[in-house]
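Notes to accompany the following structure.
No experiment lies behind these values; they were computed from the predicted model shown. Below, chain A is the first sequence line, B the second, and so on; all start at residue 1.
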Protein chains: 2
Amino acid sequence: MHAQTATQLSTPVPDQQAGWMEGTSHAQHLVKLSHNEPLFYDGDEADFIYEVVEGLIISYNILPDGRRQVLGFSYPGDIVGLSHDGIHHHCSSAGGAAKVRSMPRGMLMRVARERPEIAAKLLVCATSQLSRVQDHFVLLGCKCAQEKVASFLLELAKRYTNEGDRSVTFELPVKRSDIADYLGTTIETVSRQLTKLRTAGVIDLPQTSVVHVRDMIALGQLAEVDDSTF
Amino acid sequence: MHAQTATQLSTPVPDQQAGWMEGTSHAQHLVKLSHNEPLFYDGDEADFIYEVVEGLIISYNILPDGRRQVLGFSYPGDIVGLSHDGIHHHCSSAGGAAKVRSMPRGMLMRVARERPEIAAKLLVCATSQLSRVQDHFVLLGCKCAQEKVASFLLELAKRYTNEGDRSVTFELPVKRSDIADYLGTTIETVSRQLTKLRTAGVIDLPQTSVVHVRDMIALGQLAEVDDSTF
DNA sequence: CGACGGCTTGATGATCATCAAATAGGGTGG
DNA sequence: CCACCCTATTTGATGATCATCAAGCCGTCG
């Protein structure tokens, strides 16, 4: 890794999990998505399972009156589209240009049946999604606006830092509205909390979509994480 | 089963999934739990996976300052304690007297390796938990107090009704504080919303822990579910 | 340059959390 | 069986947080 200047963006820590679906079959297909292009809708038949190859996938649910809850952001290496009953129970679409590797659900299930290690991988995928989901429950149900935004930044920051780093600079991968719908709040509140963090000297905002965390420790405290790594 | 009077409690619709872990091995153990007795804590090694046999298991996370988020309630037939990394990432304890069937995680994984249908069951468990979880995200992130409480009652009511039933009577399996922590609100708000629903004629509260839903349709509308079964 | 979308900032109000007190319910022991 | 106590729940009053409405700003792109 090369020397870092104050404002240089970090690159994400590589994900060892990436690419594991390769080699399971030749029936794969690389799908290119443009910004906001949907991968599937709520209620669609879950004929395919996807691995994010490039870019970002946003999963969300929408209430009849338009309120939206962003369920999560999926990065390269992540699996999207798992379903227990063959029906998708949420929408997923690209948050910018993206590529995904698709795999027929039926075929993957068949492969899983023959190769237990593939089944195990799928199970790990599902259960680790469950784990991450639990932290977000706490965020949505317990935390105040300040803690929500701090937690979100910390979550991102962790993707770019190694243990013990004091500061880091990275780009926000999504718009304010996506952040707001992810945190169960509004764009105005997100904006206000960001400026509050900037004023407090915890972060800098060189550009609207670039965050420089000056004090990871302080950010962790504001996020109210019980994580013992802090 | 005996005849039903107006105020008689319904019994839950039987769960076909129940008991599937039976017969996978002799290494099972039936654990009896008394009220509030913990099954495991956040951070414990996930040496066992459990199937609820009787009673109710409450899973939750707690922030350093005491705030609690109830992740979900597990009923007979449900699986508790799945983990992707061998560590529990939440606490689970009994909400009243309960029995669970425990099974060593390592052994279950070995069995899953030999018998793909068991692996598939586990995968279905995990992914269906993921599905339910998504609806709750919407509840926590988007819905107002009224909608939260209505959604909760509806969720319970569905366990006791068949498609098309107009009314149903059932017992609330948990205290107000558990409901509040599940819905990301407070006991006072839950109480107020319940009386509001009673005043509106949507429900009755013969006892503090017994709910009689008079109008499922109205309840569904108040819950803002996009569910097409209504 | 002008227009547009996204973001910030300000002002106001509603919802809901908090604090406080009264009531109901359930269980125990006399 | 009743009185009592402890906990859970309801109800009320108040205030803080945050959503909403509105306006101005910034960066981008045609």
Can any side-chain N or O of B:Asp165 pair as donor or acceptor with the backbone N or O of B:Asn162 at less than 3.5 Å?
yes

What is the 5' to 3' range of DNA chain C, first to last nucleotide, that sits under 4.0 Å from any heavy atom of chain B?
C:dC16 to C:dC19

Sequence neighbours excluded, the answer for side chain to side chain donor-acceptor pair (under 3.5 Å) partners of B:Gln129 is none

Considering residues at least two apart in sequence or located in another chain, which fulfil the ring-ring contact (aromatic ring centres under 6.0 Å, His included) criterion with A:Tyr60?
none

What is the distance, rounded to the nearest whole Å, between atom CG of A:Leu205 and atom P of D:dG27?
13 Å

Contact list for residues 139-156 of chain A, test salt bridge (Lys or Arg N to Asp or Glu O under 4.0 Å), sequence neighbours left out:
A:Glu147-B:Arg67

What residues 187-202 of chain A contributes to the DNA chain D interface at heavy-atom separation below 4.0 Å is A:Glu188, A:Thr189, A:Arg192

Distance, rounded to the nearest Å, where B:Lys175 contributes NZ and D:dC6 contributes P:
17 Å

Under the rule for side chain to side chain donor-acceptor pair (under 3.5 Å), what residues qualify as partners of B:His136, not counting sequence neighbours?
none

With sequence neighbours left out, write down each residue that passes side-chain contact (heavy atoms from CB on, under 4.5 Å) with A:Gln221, or none if nothing qualifies.
A:Ile217

For A:Ser102, is there any backbone N or O sitting under 3.5 Å from a side-chain donor or acceptor partner on A:Glu51?
no

Specify the residues of residues 137-145 of chain A, ordered by number, for which at least one heavy atom lies under 4.0 angstrom from an atom of DNA chain D.
A:Cys144, A:Ala145

Is it the case that A:His84 and B:Ser131 place a side-chain donor and acceptor less than 3.5 Å from each other?
yes

Between D:dT9 (P) and B:Gln207 (CD): distance, integer Å
13 Å

List, one per line, each side-chain donor-acceptor pair under 3.5 Å for residues 187-195 of chain B, sequence neighbours excluded.
unit_1: B:Thr189; atom_1: OG1; unit_2: B:Thr186; atom_2: OG1; d: 3.1
unit_1: B:Thr195; atom_1: OG1; unit_2: B:Arg192; atom_2: O; d: 2.8

Angle between ring planes, A:Phe40 versus A:His88, binned at 30° and 60°: parallel, tilted or perpendicular?
parallel

Among residues at least two apart in sequence or on other chains, which ones pass side-chain contact (heavy atoms from CB on, under 4.5 Å) with B:Ala126?
A:Leu123, A:Ala126, A:Thr127, A:Leu130, B:Leu82

Could you name each residue pair satisfying salt bridge (Lys or Arg N to Asp or Glu O under 4.0 Å) that touches residues 196-206 of chain B, not counting sequence neighbours?
B:Asp204-B:Arg214

Lys NZ or Arg CZ of A:Arg159 over A:Tyr75 ring: under 6.0 Å, within 45°:
yes

Using heavy atoms to find the nearest nucleotide of DNA chain D for A:Gln146 and A:Thr208 separately, return the residue whose nucleotide is more 5′.
A:Gln146

Please report how far the helix from C:dC1-D:dG30 to C:dG30-D:dC1 bends, comparing the axis fitted to its first five pairs with the axis fitted to its last five, to the nearest 10 degrees.
30°

